Amino acid sequence: MEGSNREPLVAEGIKSRKFMRCVSHAQDELQSFRSYLRWMCVDQSTIWTASLSWSVFVLFTIVVPGISHFVLACSTCDSKHDRPYDSVVQLSLSSVATLSFVCLSNFYRKYGLRRFLFFDKLWNDSETVRRGYTAQLDRSLTILGIFVLPCLVAETGYKIWWYTSGSSQIPFLGDVVVSDTVACIMEVFSWFYRTTVIFLVCVLFRLICHLQILRIQDFATLFHVDSDVGSVLSEHLRIRKHLRIISHRFRVFILMALILVTGSQFASLLITTKAKSELNIFRAAAAAADDQSDGTEDEAEGEEDELDNSKLIPAYAYSTISFQKRQALVTYFENNRAGVTVFGFTLDRTTLHSIFGVELALVLWLLGKTINAL
């Protein structure tokens, strides 16, 4: 009777812990992150915030860049203030920002923040994994600032110089000082918003991949103890399942971002290398938003056959059979490599290094053309 009374209590405790991990509340681990999303106007938890989010997106991603290009392009300005590459810069930045915003909105609407960041699955992880993932979440905003803020300072300095030194040439409405000040602020805000949205999705992808790395590191501790093959495979399959989920959610963003960034680089090169093109350091100011994806350690998936009959095997043979199972498992992991994929293509270190090499070559080629023209 006592044993029968204990099982429901244990099961109920597990359900309660799982339920607490799935439910959002104001003082949970995502409190500061939600505040940041609201501040950036990308929070879509309610109809009001979703409407505000889309309004800000249309303003800073479509309206402001459009006005900047068609009204403030200043084709009659001198060579230092003329912006022949503005169309490529605005189009590439807005297109990648649109892709990032649409993907982020879809994630938020379809999964919710806790489920999207796998916080609802942490109830089954060790305390080490939970603490490490929460700490990495707090670091994510710092990483985002490290990428965006230095570029924001440079962009702001350039816009201030461009408006102050060419105020007499740049089209304006009413008072020149007020008009140029408002236009400068709106352009800087537009650039900051689009760049932050792009890197926000990249940082979230890195955060989720880091969770899998923490799980893999915790998974490695199973080999330090006398664990049976079944428990090792069970934990391995759980990690592999989450890797497939990550691949499915981010595959469109990764592929489309790569195409858009590479296309913008080639477009800049075509404009730069065309006949009769005049290059100098002012006219060749181009912006490129590179999406960086941190890969996870390669993992395998499968099952090992276990055809044992304890009644027919003497006791002294157990250790030998256990060793053979573990050796077969290690051999399987070494020869079956997988990980985060994009429509079947594995994003291993070699692939990521190749992509980075191609993008860097395009950037250096464009930079070389600019410097040689000085």
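Just so you know, these numbers come straight off a predicted model, no measurement behind them.
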Worksheet entry | Nearest-0.5 Å distance that lies between atom CZ in R130 and atom CD in E127 | 4.5 Å
Worksheet item: Minimum heavy-atom separation for W191 to V148, with atom names?
Response: CH2-O, 4.3 Å
Practice prompt. Heavy atoms only: give me the nearest S264-V88 pair and the separation to one decimal.
Written response: O-CG1, 3.8 Å
Worksheet, complete the sentence: By ring pair (Phe, Tyr, Trp, His ring centres under 6.0 Å), F118 pairs with (sequence neighbours left out) H242
Fill in: Reported CG-to-CZ distance for the pair L204 and R206, which is rounded to 0.5 angstrom
11.5 Å
Item to complete: Taking atom types as modelled, find out whether D218 and T128 have a side-chain donor-acceptor pair closer than 3.5 angstrom.
Response: no
Worksheet entry | Intermediate values then yes/no, side chain to side chain contact (heavy atoms under 4.5 Å, CB included), Y108 and D43 | CA-CA 8 Å; Y108 211 115; D43 178 24; 2.7 Å; yes
Fill in: Pairwise side-chain contact, T61 with V56, heavy-atom cut-off 4.5 Å (strictly under)
no
Worksheet entry | K159 NZ to D180 CG distance, which is reported to the nearest 0.5 Å | 12.0 Å
Worksheet entry | Minimum side-chain heavy-atom gap F33-D138 below 4.5 Å | no
Practice prompt. Quick one: closest heavy-atom pair of I198 and S100, and the distance?
Written response: CA-OG, 3.5 Å
Discussion item. Could you check, using the six-membered ring where one of them is a Trp, whether F205 and F199 have ring centers closer than 6.0 angstrom?
Written reply: no
Discussion item. Before you tell me yes or no, could you show the steps for Y36 and T196 under side chain to side chain contact (heavy atoms under 4.5 Å, CB included), namely the whole-Å CA-CA distance, both residues' side-chain angles and the distance that decides it to 0.1 Å?
Written reply: CA-CA 11 Å; Y36 175 79; T196 303; 3.1 Å; yes
Worksheet item: Is there side-chain contact between L137 and F119, with at least one heavy-atom pair below 4.5 Å?
Response: yes
Discussion item. How long is the straight-line distance from CD of Q90 back to CD of E187, given to the nearest 0.5 Å?
Written reply: 6.5 Å
Item to complete: Please examine the side chains of Y133 and L207, heavy atoms only from C-beta on, and report whether any two atoms are closer than 4.5 Å.
Response: yes
Worksheet entry | Step-by-step side-chain hydrogen bond (donor to acceptor under 3.5 Å, both in side chains) determination, S105 to Q44 | CA-CA 7 Å; S105 301; Q44 299 187 11; 2.7 Å; yes
Worksheet item: Are I160 and Y158 linked, directly or through other ILVMFWY residues, by side chains that come within less than 4.5 angstrom of each other?
Response: no
Fill in: N/O donor-acceptor pair under 3.5 Å between T195 side chain and F192 backbone
no
Item to complete: Provide the closest heavy-atom pair for L113 versus R34 in the form atom of the first, atom of the second, distance.
Response: CD2-CG, 3.8 Å
Item to complete: Check step by step if side chain to side chain contact (heavy atoms under 4.5 Å, CB included) holds for L200 and L37.
Response: CA-CA 10 Å; L200 178 60; L37 293 180; 3.9 Å; yes
Worksheet item: Would you call R215 and D125 a salt bridge, taking side-chain N to carboxylate O under 4.0 Å as the test?
Response: yes
Worksheet item: F250 versus C103: any side-chain heavy-atom pair under 4.5 Å?
Response: no
Discussion item. Tell me whether W39 shares a hydrophobic cluster with L30, the cluster being built from Ile, Leu, Val, Met, Phe, Trp, Tyr side chains joined at under 4.5 Å.
Written reply: yes
Worksheet item: Between F116 and F107, how do the two ring planes meet: parallel, tilted or perpendicular, split at 30° and 60°?
Response: parallel
Discussion item. Show, in sequence, the C-alpha distance, side-chain angles and deciding distance for R251 and I254, and conclude whether the side chain to side chain contact (heavy atoms under 4.5 Å, CB included) test is met.
Written reply: CA-CA 5 Å; R251 59 184 180 179; I254 295 175; 6.0 Å; no
Worksheet entry | 4.5 Å side-chain heavy-atom contact, L243 and R238 | no
Worksheet item: With distance as the sole criterion, is a donor-acceptor pair present between the side chains of R139 and T142 under 3.5 Å?
Response: no
Worksheet item: In Å, rounded to the nearest 0.5 Å, how long is the span from CG of L260 to CG of L91?
Response: 9.0 Å
Worksheet item: Do W365 and Q265 come close enough that some side-chain heavy atom pair is under 4.5 Å?
Response: no
Item to complete: Tell me, yes or no, whether the heavy-atom count around I47 atom CD1, taken from other residues, nucleotides or ligands under 6.0 Å, exceeds 12.
Response: no
Discussion item. Is it the case that the side chain of S53 and the backbone of C41 share a donor-acceptor pair, with hydrogens and angles ignored and the cut-off at 3.5 Å?
Written reply: yes
Fill in: Any side-chain donor near an acceptor of the partner, R194 and S94, under 3.5 Å
yes
Worksheet item: Just how far is it from atom CD1 of I62 to atom OG of S190, taken to the nearest 0.5 Å?
Response: 10.5 Å
Item to complete: Using ring pair (Phe, Tyr, Trp, His ring centres under 6.0 Å) as the criterion, list what pairs up with F57, not counting sequence neighbours.
Response: W54, F101
Worksheet item: Are I259 and L255 side-chain neighbours, meaning at least one heavy-atom pair lies under 4.5 Å?
Response: yes
Discussion item. Checking T46 against T49: is there a side-chain donor and acceptor pair closer than 3.5 Å?
Written reply: yes
